[in-house]
Peer 1: 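Can you keep this structure in mind? I'll have questions shortly.
Letters A, B, ... mirror the listed sequences (proteins, then strands); counts begin at 1. All of these numbers come straight from a predicted model, not from anything done at the bench.
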Amino acid sequence: MAERATFRVKRGLAEMLKGGVIMDVTTAEQARISEEAGAVAVMALERVPADIRAAGGVARMASPRVIKEIQEAVTIPVMAKARIGHFAEAQVLQSLKVDYVDESEVLTPADEANHIDKHAFEVPFVCGAINLGEALRRIGEGAAMIRSKGEAGTGNIVEAVRHLRGIVGGIKQLGALGREQLSAQAKELGAPLEIVEEVAEGGWLPVPLFCAGGIATPADAALVMQLGAEGNFVGSGIFKSEDPERRARAIVEATTHFNDPERVAAASIELGEPMRGDDIGQLAAEGELLQQRGV
Amino acid sequence: MADRHGLSPQRGEAERLRIGVLASQGDFGAHAEMLRSLGAEPIEVRTAEELSGLDGLIIPGGESTTITKAIERDGLEPAIRAHADSGLPILGTCAGMIVCDREHLGLVDAAARRNAFGRQIASFEVELKVGGIGPDPMRAVFIRAPWIDEHGAEVEVLASVDDRPVVVRQGQIVLCAFHPELTDDSRLHALLMAMATAARNRAAEVRGISSRG
C-alpha cells in the first residue's frame with residue numbers, strides 16, 4: 001500500500017532543503033562542522049572543486065568508505081556526486097543509501113552523449129544547468145532538483161548569476177507565450193514539450209531550483225537568493241576559506257535573512273579571508289570551464 | 001519573489017486570519033500557498049517581531065537541526081512560547097514535530113524520533129486516516145520522517161503508521177510527521193484555521209466581558 005520513490009517523494013526532500021545550504025565535504029570531520037554550522041545537507045566528494053581544478057586528472061565518485069564515515073558522522077541528509085552518464089557509480093551510491101545523487105559536471109564526465117536515466121532509480125537526483133533548456137532536459141530525464149551550475153571551484157559568483165538569471169528569465173518568458181508558441185519554443189530549448197507546458201502554466205520549475213558554483217561570501221548567498229534561488233550549494237567556498245566554521249554559519253544565516261542587509265552585514269564580520277577567486281576569462285581561454293560539460 | 005507562484009486572493013481583509021509560517025528554513029512556501037488558497041494571510045516569520053499579532057503558526061518541514069539552530073540564533077524561542085502560552089494554535093509538520101517535542105521547545109509532552117522511518121530511500125506516501133478531519137483518508141507523504149516514540153496522557157493520537165503515532169494533538173498544538181502541504185489536501189490547514197478562529201472568538205468574548213464589566 002505504501003509507495004516509495006514516487007516523483008513527489010523524490011522531489012519532497014529537495015522541497016525540505018529550501019532556504020538552506022548544502023555544503024561540500026571530503027571528511028567526516030568536515031561533515032560534523034557543516035552540521036554544527038546549520039547545513040541542511042552535506043555533499044560527499046573526494047576533493048572540493050578548487051582542489052579538483054588544481055590537481056587535474058580524472059575526478060570520480062568519492063570512495064564508499066568515506067561516504068559511510070560521513071553518513072555515520074551526521075544525521076542530516078548526505079548527498080554524493082556521480083560522473084555524468086556513469087550510472088554504475090549512481091547504482092553504487094544508491095546501494096549506500098545516500099539521500100541524493102548529484103550527477104555533476106564537477107567530476108570528469110563518463111559519457112559524452114548521454115546522462116543517466118534518472119527515472120530508473122529510487123534515489124533522487126540533482127543536476128546542474130546553465131540555462132532553462134538544460135534544466136528541463138535534466139528534469140525530463142528524471143532529475144528531482146536543479147542547481148544552476150555556475151563555475152565550481154572559482155569563488156567567483158559571476159557565472160552563477162548569469163545561469164540563474166538565464167533560468168529565471170527563461171521561465172518568465174515562457175509564461176508570456178501563447179499556447180500555440182510552446183511547441184516551437186520547446187524545440188528551440190531542446191526540452192520535452194510537456195515539461196515546457198508545465199513550466200509555462202505553473203510559472204516555475206516543477207522541482208526546486210538551487211544555486212551552485214561560486215558562492216564564497218554571505219553577500220554572494222544573499223545575492224543569488226534575491227535572484228530567485230531557493231537554496232544554496234557551497235563547495236570550495238567554505239573549506240577553502242580561512243575560518244570554515246564561522247564562514248559556514250554566516251552563509252547559512254545570510255541564506256535565511258537574504259532580504260535583510262543588516263543581518264548579512266553582521267554575519268560578514270570577522271570571518272577571516274574568503275577563498276581566493278579565479279578569473280573566469282582566463283579559465284575560459286585555457287579551456288578549463290566545467291560548466292560546458294554535459295549540457 | 002514572495003509571490004513567485006502568482007497567487008494573490010483578495011477577500012475580507014478585516015476578517016482574514018493572519019497565520020505565520022516559520023521561514024528560517026524549509027518548505028514554508030508550500031504552506032503559505034495552501035493557507036492563501038484557504039483565504040488566510042500567510043506571514044513569513046524569520047524574526048521575533050514577525051511572531052507578534054498572529055492568529056496561528058505553522059512550523060514547517062525542513063531540517064530540524066537547521067531550524068532549531070536558527071530559532072536559537074535569531075532568539076525566536078520566547079516569542080514562540082508566548083504564542084503557545086496565549087492559547088494560539090500551532091501546526092508542526094515533520095521537522096516542526098521535532099522542534100515542538102520535549103527535547104526541543106517542549107511545547108508538547110512527547111518524544112519524537114528523528115529520521116525514524118530511515119533515510120530518503122525509505123521515504124514513502126500512503127493513504128492514511130486521520131482523526132478529527134473527517135472519514136476520508138489523506139495522501140500522507142513521509143520524507144525522512146519522524147514518529148512519536150512516547151508521549152504523556154495529555155497527548156491525543158490522531159493517526160498512526162504501524163502503531164507509531166504520526167499525528168498527535170495536545171491542546172492547541174497539532175503535530176504531523178508527514179507533509180500535507182505537498183498534496184492538495186488542505187484539511188489539516190483548515191483545522192488549524194478553525195482553531196485560530198475559535199481562539200480569536202474567545203479573545204473577542206473576553207474583551208467584550210471586560211469592556212461591559
Peer 1: Tell me, for A:A39 versus chain B, whether the close heavy atoms (under 4.5 Å) come from the side chain, the backbone, both or neither.
Peer 2: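 Only the backbone of A:A39 comes within 4.5 Å of chain B.
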Peer 1: Side-chain contact test, heavy atoms from C-beta onward, threshold under 4.5 Å: evaluate it for A:R11 versus B:L182 and give yes or no.
Peer 2: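 With C-beta onward as the side chain, the pair touches.
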Peer 1: Sort B:T68 into side chain, backbone, both or neither according to what part of it lies under 4.5 angstrom from a heavy atom of chain A.
Peer 2: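 Interface part for B:T68: neither.
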Peer 1: Is the backbone of A:V9 close enough, under 3.5 Å, to the side chain of B:Q120 for a donor and an acceptor to pair up by distance?
Peer 2: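 At least one qualifying donor-acceptor pair exists.
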Peer 1: By a 4.5 Å heavy-atom criterion (distance strictly below it), what part of B:A23 contacts chain A: side chain, backbone, both, or neither?
Peer 2: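 Backbone of B:A23 only, per the 4.5 Å heavy-atom cut-off to chain A.
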Peer 1: Answer yes or no: is there a side-chain heavy-atom contact under 4.5 Å between B:R139 and A:E3?
Peer 2: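 Sidechains of A:E3 and B:R139: in contact.
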Peer 1: If you draw a 6.0 Å radius around CG in B:D136, do more than 12 non-hydrogen atoms from other residues or ligands fall strictly inside?
Peer 2: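 Atom CG in B:D136 is packed in, count exceeds 12.
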Peer 1: Which atoms of B:R46 come close to chain A, meaning under 4.5 Å heavy atom to heavy atom: side chain ones, backbone ones, both, or neither?
Peer 2: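 Both parts, backbone and side chain.
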Peer 1: Answer with side chain, backbone, both or neither: which region of B:R119 has an atom nearer than 4.5 Å to a non-hydrogen atom of chain A?
Peer 2: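 Both the backbone and the side chain of B:R119 come within 4.5 Å of chain A.
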Peer 1: Measure B:T65 against the heavy atoms of chain A and call it side chain, backbone, both or neither at under 4.5 Å.
Peer 2: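 For B:T65, the contact with chain A is made by the side chain alone.
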Peer 1: Would you say CG of B:D85 has more than 12 non-hydrogen atoms from neighbouring residues, nucleotides or ligands within 6.0 angstrom?
Peer 2: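 Count over threshold, so yes.
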Peer 1: Using heavy-atom distances under 4.5 Å, tell me whether B:A140 contacts chain A through its side chain, its backbone, both, or neither.
Peer 2: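 Neither part, no heavy atoms under 4.5 Å.
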